[in-house]
Amino acid sequence: MSEHIRVQILIISVIIQLFTITYFLIFARKSKILSSFIVFNVLMIFWNFAYIIEIFQKNSKYIWIFTSISYTAVSFLGVAYFNFVKNYTSDNNKITKKLEKILLISSSIIVLFIWSNPYHNLFYIYKQNEYKFAILYYTLFIQTHIAVVISIARMITYIKINRLNKNEYYQSIYLIALPLIVSTYNIIHNINHTQKIELTSAIFSILVSIFAILSFKYKFFDYLPLGINKAFDIFISPTVIIDIGGTVIKENQALKALLKKDMNTIDDFISTLWFISNEKDTIKEIKNKETAEQKITIDTKTYMLSKIPMKEKNKTILHIITLTDISHYIQEEKENQIRQIFSNLHDDIGNNLTAISKIQESIIIDIEKNDIERVIKLAEKSYELSTLATKKLRQSVTNIKNIQNQNKLSQKLNTLKETFKIANIEIDIYNEYEDYEIDRELTQILYNISQESITNAIKHGKADKITILIKKSDTMNIHIIDNGIGTKEIKKGNGLNAIADKLKKYEHTLNFISSENNGFITKIIIKGIKK
């Protein structure tokens, strides 16, 4: 290979490295792994650039300077790669830290010897118009390859002990193969001393850049600390991890099953929750909060939504948002509230009735004594106590109804109506059923269907008025009608399929009717509901 071609390859590799660094500094999420990757690339730029100048130089003084720059970069490349692997695998134990410190110190010592070489000739010797390498060059050679071997061993352990997805697995294999290829080439070169085909730095640069491009495509630089990755794999609750820029880094299967949609940003997550949950007035506030915790209702379940920041050196690097199902605890809480109301009612009214009973005994005695004045006073006191008992009884019944009515269809639909009224969406509701005639599960299903239909009407039909009719006959007949743009052809997407899924438990018929510019009608007939 001619010297001219070799220099061209080295120049191309420098350009690629500069482009890679610039691209990642602009677009990648700032993290430890990105920082170590940038340092690694900068060292290779120095290696390539100094090597180019070294080839062109004829002055031995300048050749020595640029050779020293080149081998300074090489001295720290081993420890830089080790640091990159440490961050990639989140391996920060005491042994790893100690090894990194030893490598850094040994590299620094070698660099000192490189720059003071004219005084001792321990790195290379200039004889008969050419340089010959001395003992410290081979020390550097061995130290760099030791760092590479330790890093490769760490990568192999990382693959063995972690459950990686396909992309993560291939990236890790590449990170093992990359230094192996370059080290093998470098060893062969040093054994054969074929200086004219020395392109180790260029090969390394190009291979690292290919890895970087592929990694960016698969969001490798949005990496998570290993501890979070491990925990994420076993999360049962729907969970999403979002970086500080609002991009979704990872979402688990439970979240995908609940929301039935892939998330790319926090805005996607919040808008999806807004459509399917009851708490529309507060859900959008989550985006701008560092931490958040609130109850939301989706389908028949109540969730505790928690937003927790993850910090690195007191700086937030990402947020974890989890939806924990607390329906069971909510129901228990309601039952406990009702039991407490009955208990208090028993105590209060029991005491009042006992007091009234004693007063009436006294009244009978005083009547026999013909003490009319005292009889009147006791009668007034008895009336006061009975009025108080009646008031407490009414208040208790009201409290119980308020707790129970949280699951009543009329209240849920009215809440829906008031919520969308804020967005200038008019919803008319005509329901011929009393709340007690519809059980809790069907109540939630009818509410979810109404919610899904309204969402579809607004999102796809551009409607601003929806009518919900629930009629009594031998069957329950539900008509949901909107004034939207309609459609020539009804295509069953996630929204319409979701309505069908919710009715699976019941014997029913389901029809969708629409035409262009004539709105959309959802007709449901549910059998087995009492007239």
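Values reported hereafter were calculated over all heavy atoms of this structure, with side chains retained and with hydrogens, waters and symmetry mates removed.
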Could you measure the distance from the [atom1] atom of [X] to the [atom2] atom of [Y]? Nearest 0.5 Å is fine.
X	Y	atom1	atom2	answer
Asn93	Lys86	CG	NZ	10.0 Å
Lys160	Ile156	NZ	CD1	7.0 Å
Thr239	Leu323	OG1	CG	7.5 Å
Leu178	Met155	CG	CE	11.0 Å
Gln451	Phe275	CD	CZ	10.5 Å
Leu255	Thr322	CG	OG1	9.5 Å

Please name the residue in the list Ile468, Ile480, Ile454, Ile478 that meets the side-chain contact (heavy atoms from CB on, under 4.5 Å) test with Ile449.
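Among Ile468, Ile480, Ile454, Ile478, the one that satisfies the side-chain contact (heavy atoms from CB on, under 4.5 Å) with Ile449 is Ile480.
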Identify which one of Ile490, Ile466, Ile485 satisfies the side-chain contact (heavy atoms from CB on, under 4.5 Å) criterion when paired with Phe520.
Ile490
Flag if over 12 foreign heavy atoms under 6.0 Å of NZ, Lys101
no
For Glu290, does the CD atom have more than 12 heavy-atom neighbours from other residues, nucleotides or ligands under 6.0 Å away?
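Atom CD in Glu290 is packed in, count exceeds 12.
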Mutual orientation of the aromatic rings belonging to Phe84 and Phe37 [parallel < 30°, tilted 30-60°, perpendicular > 60°]
tilted
Does a side-chain heavy-atom distance below 4.5 Å link [X] with [Y]?
X	Y	value
Asn41	Met44	yes
Leu259	Phe269	yes
Ile241	Val248	no
Ser473	Lys471	no
Phe40	Leu77	yes
Gln294	Ile286	yes
Ile525	Asn511	no

Going through the checks in order, is the side-chain contact (heavy atoms from CB on, under 4.5 Å) test met by Ile298 and Leu273?
CA-CA 8 Å; Ile298 302 172; Leu273 276 187; 3.8 Å; yes
Does a donor on one side chain and an acceptor on the other come within less than 3.5 Å for [X] and [Y]?
X	Y	value
Tyr88	Ser172	yes
Thr475	Asn477	yes
Ser453	Asn456	no
Thr272	Asp268	no

Shortest non-hydrogen contact from [X] to [Y]?
X	Y	result
Ile429	Leu413	CD1-O, 3.3 Å
Glu100	Val79	O-CG2, 3.9 Å
Pro238	Leu258	CG-CD2, 3.9 Å
Tyr506	Leu442	OH-CB, 3.5 Å
Leu18	Thr22	O-OG1, 2.8 Å
Leu469	Tyr430	CD2-CD1, 3.3 Å

Can a salt bridge be assigned to the pair [X] and [Y] using a cut-off of 4.0 Å between side-chain N and carboxylate O?
X	Y	value
Glu432	Lys472	no
Lys465	Asp482	no
Lys488	Glu516	yes

Donor-acceptor contact present, side-chain [X] to main-chain [Y], <3.5 Å:
X	Y	result
Glu293	Leu305	no
His319	Pro309	no
Asn518	Ser514	no
Thr487	Glu489	yes
Tyr174	Leu207	yes
Lys307	Lys287	yes
Asn483	Asp464	yes

Step by step, would you call Leu175 with Ile152 a side-chain contact (heavy atoms from CB on, under 4.5 Å)?
CA-CA 8 Å; Leu175 279 176; Ile152 289 171; over 6 Å; no
Return the set of residues passing side-chain contact (heavy atoms from CB on, under 4.5 Å) with Ser35 (not counting sequence neighbours), or none when no residue passes.
none
Is the distance from the ring center of Phe204 to that of Tyr81 below 6.0 Å?
no
Hey, mind stepping through Glu507 and Ile526 against side-chain contact (heavy atoms from CB on, under 4.5 Å) and telling me if it holds?
CA-CA 6 Å; Glu507 187 181 352; Ile526 301 177; over 6 Å; no
Please walk me through it: do Met476 and Tyr433 pass side-chain contact (heavy atoms from CB on, under 4.5 Å)?
CA-CA 9 Å; Met476 175 185 277; Tyr433 281 84; 3.5 Å; yes
